[in-house]
Undergrad: 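Just dropping this structure here.
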Amino acid sequence: LTTDVSTLTYVYAVTHAETSVPDDLDVVVHRGLAAVTKPVDSRDLRARRRDLLQHAEVAQRVFERGAVLPLQFGAILDDVVGELLEPQHDELKRLLRSFDGLAEVTVRASYREDDVLRALLAEDPRLEQLRRSAPPVQLGEAIARALAARRDADAEAIVRALRPHARDVAVDELRTELEVFRGAFLIARASLDAVDAALDALARAHAATTSFKYTGPLPPHHFVRLEAT
Amino acid sequence: MAIATQGTASNYLQRAPSPSGLADVVELILDKGLVIDAYVRVAVIGIELVTIDARIVIASVDTYLRFAESVNRLDLTQTEAAGLAELRGDNDGKEKAKGALEGAKEAFSGGNGKRSKSERKRD
């Protein structure tokens with residue numbers, strides 16, 4: 001046995017101690033809380049593809065059994081009780097209770113380029129005029145401006161349609177000029193069907209230009225925050 | 001729960017019970033989730049870069065030129081047909097409209113591309 005290698009503990013998530021966590025996962029239980037963990041070798045602290053996928057998968061599996069606080073990827077502790085479960089006990093308990101019965105769903109909406117450009121030209125004759133006569137940069141700038149205005153209005157419509165069903169909303173930064181909305185809604189499980197119906201109606205109404213992607217129900221990745229200590 | 005277990009193949013709304021693929025997972029777990037003070041971060045160099053490399057760039061001349069180019073290659077005569085097919089919302093109609101659009105695009109580029117040059121030559 002070597003003595004210069006220490007075993008550390010990777011933490012996926014925290015749940016109530018009474019949650020029936022799947023048997024193949026390790027747990028550290030302390031005062032009504034359970035941290036879902038795995039041992040890691042201090043010499044090998046690298047993130048591989050499978051580590052990332054596993055983190056999300058473990059959080060999801062625990063979430064299917066009860067309320068869960070997913071940690072950000074990469075949390076490794078020497079002493080899970082001394083560094084996390086004991087000092088943060090009251091806050092973790094409070095947070096867990098606040099997420100009981102809730103789930104996150106993520107929503108993404110993106111324009112299909114040709115379809116949205118067609119719609120812009122059809123709706124604004126000035127753009128069609130620029131297309132015939134203006135230099136490309138001027139045409140492109142007008143298109144970009146019209147697209148931005150349309151995107152702002154459509155993003156607002158998405159939030160407006162889903163907000164009444166949600167406890168909270170988190171809007172993520174967009175990645176490309178064709179994206180309309182990227183974000184997450186915190187939903188009571190009892191309202192998931194209503195959200196699905198609202199999103200379906202919205203997506204159908206925007207089907208000519210926009211494709212929607214809807215993922216969930218998920219652990220509340222976007223919404224877990226420890227109060228500053 | 002229907003939405004947890006069933007994906008549908010609808011064109012306008014894609015449903016998934018959990019994130020599919022590494023990019024979606026990375027987005028959820030790398031800068032989201034509970035952050036605790038005293039911990040070691042595993043090395044994620046490279047992955048964090050992937051998540052920030054594609055930021056929205058609206059106000060650039062390159063973007064303007066790309067939009068102008070895209071607009072100019074659109075076949076605008078198809079606008080109405082496509083709109084109607086989308087409104088009907090049934091998959092059959094959509095597939096047909098898509099096929100028609102692609103056919104029209106081919107005809108469009110063929111008619112204005114090499115073939116018209118060679119036709120002119122023959123004249």
Side-chain angles (χ1 to χ4, degrees), chain A residues 8 14 45-47 49 51-53 55-56 60 69-77 83-84 88 113-115 117-118 121-122 131 136-137 139-141 143-144 148 174-177 179 192-193 196 199-200 203-204 206-208 210-218 221-222 224-226 229, chain B residues 1-4 10-20 22 24-47 54-59 61 63-74 76 78-80 82-83 86-87 89 94 101:
Chain A
L8 300 169
V14 175
L45 299 178
R46 287 179 304 123
R49 179 190 171 83
D51 299 318
L52 290 153
L53 295 174
H55 184 100
Q60 182 79 28
L69 309 174
L71 264 65
Q72 191 178 62
F73 180 85
I76 293 173
L77 302 176
E83 288 175 89
L84 176 63
Q88 300 285 355
E113 179 166 293
D114 284 9
D115 292 335
L117 293 179
R118 269 198 198 88
L121 289 168
R131 189 170 87 94
V137 172
L139 168 64
E141 188 180 358
I143 295 283
L174 299 177
R175 298 278 170 82
T176 76
E177 63 266 19
E179 279 189 335
L192 283 168
D193 287 345
D196 188 77
L199 190 63
D200 194 275
R204 193 172 278 265
H206 289 78
T210 312
S211 298
F212 286 74
K213 189 175 175 188
Y214 172 51
T215 308
L218 303 170
H221 295 279
H222 276 76
V224 287
R225 294 268 176 290
L226 279 180
T229 44
Chain B
M1 222 171 314
I3 54 169
S10 119
N11 193 31
Y12 59 90
L13 177 57
Q14 190 192 341
R15 293 176 174 88
S18 57
S20 49
L22 190 61
D24 286 359
V25 165
V26 161
E27 192 177 333
L28 272 188
I29 67 174
L30 220 52
D31 58 354
K32 310 283 185 315
L34 202 64
V35 180
I36 52 177
D37 278 346
Y39 66 75
V40 186
R41 293 276 311 194
V42 298
V44 287
I45 295 159
I47 292 161
R55 287 298 183 221
I56 186 161
V57 190
I58 291 290
V61 170
T63 309
Y64 297 162
L65 289 175
R66 196 173 65 73
F67 279 142
E69 195 183 317
S70 302
V71 162
N72 281 321
R73 69 171 162 69
L74 283 181
L76 292 169
Q78 289 301 316
T79 306
E80 242 172 86
E86 292 288 359
L87 276 180
K94 232 172 253 169
L101 272 179

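We name chains A, B, ... by the order of the sequence lines, and we start the count at 1 in each one.
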Undergrad: Relative to chain B, which segment of L71(A) carries a heavy atom at a distance below 4.5 Å: side chain, backbone, both, or neither?
TA: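 Backbone plus side chain of L71(A), per the 4.5 Å heavy-atom cut-off to chain B.
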
Undergrad: Are the charged groups of E113(A) and R73(B) less than 4.0 angstrom apart, N to O?
TA: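 So E113(A) pairs with R73(B) through a salt bridge.
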
Undergrad: Applying side-chain contact (heavy atoms from CB on, under 4.5 Å) between R15(B) and each of L199(A), D196(A), T215(A), report the one that passes.
TA: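 With R15(B) as partner, L199(A), D196(A), T215(A) yield a single side-chain contact (heavy atoms from CB on, under 4.5 Å), made by D196(A).
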
Undergrad: With chain B as the partner, which of L53(A), V14(A), L69(A) has the greatest number of non-hydrogen pairs under 4.5 Å?
TA: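 Of L53(A), V14(A), L69(A), L53(A) has the most heavy-atom pairs under 4.5 Å with chain B.
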
Undergrad: Do Q60(A) and S18(B) have a side chain donor and acceptor closer than 3.5 Å?
TA: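 Side chains of Q60(A) and S18(B): no pair found under 3.5 Å.
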
Undergrad: Is the shortest heavy-atom distance from the side chain of S20(B) to the side chain of Q14(B) under 4.5 Å?
TA: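 In short, these two side chains do not touch, never coming nearer than 4.5 Å.
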
Undergrad: Identify which part of S211(A) has an atom lying under 4.5 Å from any heavy atom of chain B, answering side chain, backbone, both or neither.
TA: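 S211(A) touches chain B through backbone and side-chain heavy atoms alike.
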
